[in-house]
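Working notes, structure below.
Chain identifiers are assigned alphabetically (A, B, ...) following the order of the sequence lines, protein sequences preceding nucleic acid strands; residue numbering begins at 1 within each chain.
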There are 2 protein chains.
Amino acid sequence: MGQSDRPTLADVAAAAGVSVSTASLAFSGAGPVAASTRDRVLAAAAELGYTGPNPIARSLRRGRSGVIAVVLGAELASAFSDPIHTGTLDGVARELGERGLGLLLVRSDHFGDVPTLVREGVMDAAIIAGLSDLADPVLDALRARGVPFVRVDAGPQDVAGVGIDDAAGIVGLVEHLRGLGHSRIAVLSLPLRHRDATGLVDPRSLGPIAFTPTANRWAGVRESGLVPVAAAEASSSVVEEGRAAARLLLERDDRPTAILAFSDLLAGGAVLAARELGLRVPQDVSVAGFDGLELPWLAPDRLTTAVQGLVEKGRLTARAAAALADGESSPLVRLPVVLRVGTTTGPAPA
Amino acid sequence: MGQSDRPTLADVAAAAGVSVSTASLAFSGAGPVAASTRDRVLAAAAELGYTGPNPIARSLRRGRSGVIAVVLGAELASAFSDPIHTGTLDGVARELGERGLGLLLVRSDHFGDVPTLVREGVMDAAIIAGLSDLADPVLDALRARGVPFVRVDAGPQDVAGVGIDDAAGIVGLVEHLRGLGHSRIAVLSLPLRHRDATGLVDPRSLGPIAFTPTANRWAGVRESGLVPVAAAEASSSVVEEGRAAARLLLERDDRPTAILAFSDLLAGGAVLAARELGLRVPQDVSVAGFDGLELPWLAPDRLTTAVQGLVEKGRLTARAAAALADGESSPLVRLPVVLRVGTTTGPAPA
DNA sequence: GAGTCGAGTCGAATCGATTCGAGCGCGTAG
DNA sequence: CTACGCGCTCGAATCGATTCGACTCGACTC
């Protein structure tokens, strides 16, 4: 492709003894072409090694590239290692692939400036994952370019996007724990702000929350009427931080009987922390997570969690982006989550 | 972008009262343009909301798109959940991002046919990950289009690609185990063929091996002179299969004193299996892995493993692909792996 | 004062397709 | 026999830039 010696449609047309327009028609199938002519064109193409119209030229003419960008905000510095992100990305990739749309992957380090690709990359629409701030410069750049976008884990303030019903999921988990007789419940929160560290926080005065999922889940806590006996914030959604934060909660004098973690990785870490402290799960302490991951290494335990359909979320997001690329509008969708009771929650100890 | 009402360079030129060529020069900076003229052009652009040249048109003219495709073979049905793949992908994304190159992500399900994007997607070069077969139809399609490609985990038979020194890594692990006095060593292998199931295999007659990393690591076993007392094959590189396969090895009458697993996820599963069987690691059985992942959930243990630089591998692959896109050639690179001794290997029991 | 040089600007060709309107035969209806 | 319609093909415009060669004009040299 390019200034190389690859044959063009003009070459094929010349070889077949027809005009370029006819050759084009023969390939695209749009328009009346005699069968004999088409065969001649295809034969000439095969002979010359012409593998089809140059996609760039086609895009230019059509005014569409067929490419959807996925911008991964690296707020967590680990977009690729977080199973939540990769699960969603998988769904996006499947859906776009099936539609014959390209997926331009863009990392946004959030260190320097807006990635060049956001400014200059070829795209008909964009999917924003992991950037919570509505005023993010990446979004400004896209708006300036006139590129429509949808956001994954969209907040209520978004116009278009796909999110999950975080609040309802949390409420379901709280009710589950309450039904088991728990009254001293601690919250193990996802990060509240950029660059915060793992540590205890006051659940009654959290301050502004920079990340949409975190905010949504705390909203669920409030909605459920739960007043946590304590709360800890993990600096990122990884097992290690979950364990560290859970230790802080479990070593307090007024040890909670249940930990409600905002992600399954954090919950997994909490289970490990409990085990290390000689606490039995769930007899001494119950642990609930969020997301619905399978953590095989937790066996024989299985997390109680609120399951979100990651791949489905990705597919819906991709569909929304495709609609935007087509000039259609796309609503704010909120997917349900369902409670899955595992072995890590049980009756509150007497 | 597209047939919308976005301004074009011609509009800007008209508004600034200059020719299109001058306007182009003013933007690209290639060529002499009076400062006053440039300012006028930029002002006109700002006023019209022109955000820079249309990348598609630019690509057409230049004959290059600045896009590298990454084709993820889904042989493991889990390209996105395998940390080896995502780690490499992360490296690729970083390197390409820094070079201002786009990354077109293509999933190859391997079910139906060659993905449309491989046939028609915009790309200057491609990176193939997770497709081991040199005769894969995806590769044929790329060759037909004249798109150069490199392969991740390239085998010795590849012309260009980036791989790691699997064999040396295995040899190092075997020597480490031998140095600890182990003589009854079992191998926990990555899948040998498509659709194989988890189960015991005869280490002396493995048959043809379809996957390059698996083949390379068995080559290391042979090179080390090790004759495994037993071997098991996991159907994929996940904790669950590692555990299942390890059970088969550990429940044999002639229980091995050490298990050499071909991946860390398998090794992690093996540790879990040992613990479940009441065996102490490493007092009763040693376990070694491969890849150098951090498995926080294995704490307080840390795997003995052969560490490969995943991100570095990705970066190098991206660099090779960029070179190919520039028309340069790219050699076959083999990255070293280094032994990391953890807590899961120890002296052989008496 | 004529000639040279160079900075600055412009026109036109080009990249590789798509697509619209026009043209050309040929068969059939009037 | 003329006119019309239809099926097929073609020429040319277009998408939005880049880039080369030519041209203009003022400054400088001899």
Minimum heavy-atom separation for [X] and [Y], please, with both atom names.
X	Y	result
B/Asp124	B/Gly66	OD2-N, 2.7 Å
B/Val147	B/Ala126	CG1-N, 4.0 Å
A/Val118	A/Ala141	CG1-CB, 4.0 Å
A/Ser330	A/Val150	OG-CG1, 4.3 Å
B/Leu101	B/Ala322	CD1-CB, 3.8 Å

Counter-base of D/dC30, judged by Watson-Crick or G-U geometry with both distances under 3.5 Å: C/dG1
Please produce a list of atom pairs where a protein N or O lies less than 3.5 Å from an N or O of nucleotides 17-19 of chain C.
| residue | atom | partner | partner atom | Å |
| --- | --- | --- | --- | --- |
| C/dA17 | OP1 | A/Tyr50 | OH | 2.8 |
| C/dA17 | OP1 | A/Asn54 | N | 2.7 |
| C/dA17 | OP2 | A/Leu9 | N | 2.4 |
| C/dT18 | OP2 | A/Ser24 | OG | 2.6 |
| C/dT18 | O2 | A/Arg61 | NH1 | 2.1 |

Give me, pair by pair, the N or O atoms of the protein and of nucleotides 23-25 of chain D that are less than 3.5 Å apart, along with how far apart they are.
none

Candidates B/Val71, B/Asp136, B/Val162, B/Leu139 - the one meeting side-chain contact (heavy atoms from CB on, under 4.5 Å) with B/Arg151: B/Leu139
Touch class at under 4.0 angstrom, heavy-atom based, for B/Ser59 against every strand present: nothing
Salt bridge (charged side-chain N to carboxylate O under 4.0 Å, His left out) against A/Glu98, all qualifying residues, sequence neighbours excluded: A/Arg315
Note: A/Arg6-A/Asp11 ion pair, threshold 4.0 Å (strictly below):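 Here A/Arg6 does not pair with A/Asp11 in a salt bridge, since their nearest N and O are not under 4.0 Å apart.
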Rounded distance in Å - CG (A/Asp124) to P (D/dC15):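 Interatomic distance, CG of A/Asp124 to P of D/dC15: 18 Å.
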Between C1' of D/dG16 and CD of A/Glu120, the distance in whole Å: 15 Å
B/Arg38 vs B/Leu60, nearer the 5' end of DNA chain C by closest nucleotide: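 On the 5' side of the pair lies B/Arg38.
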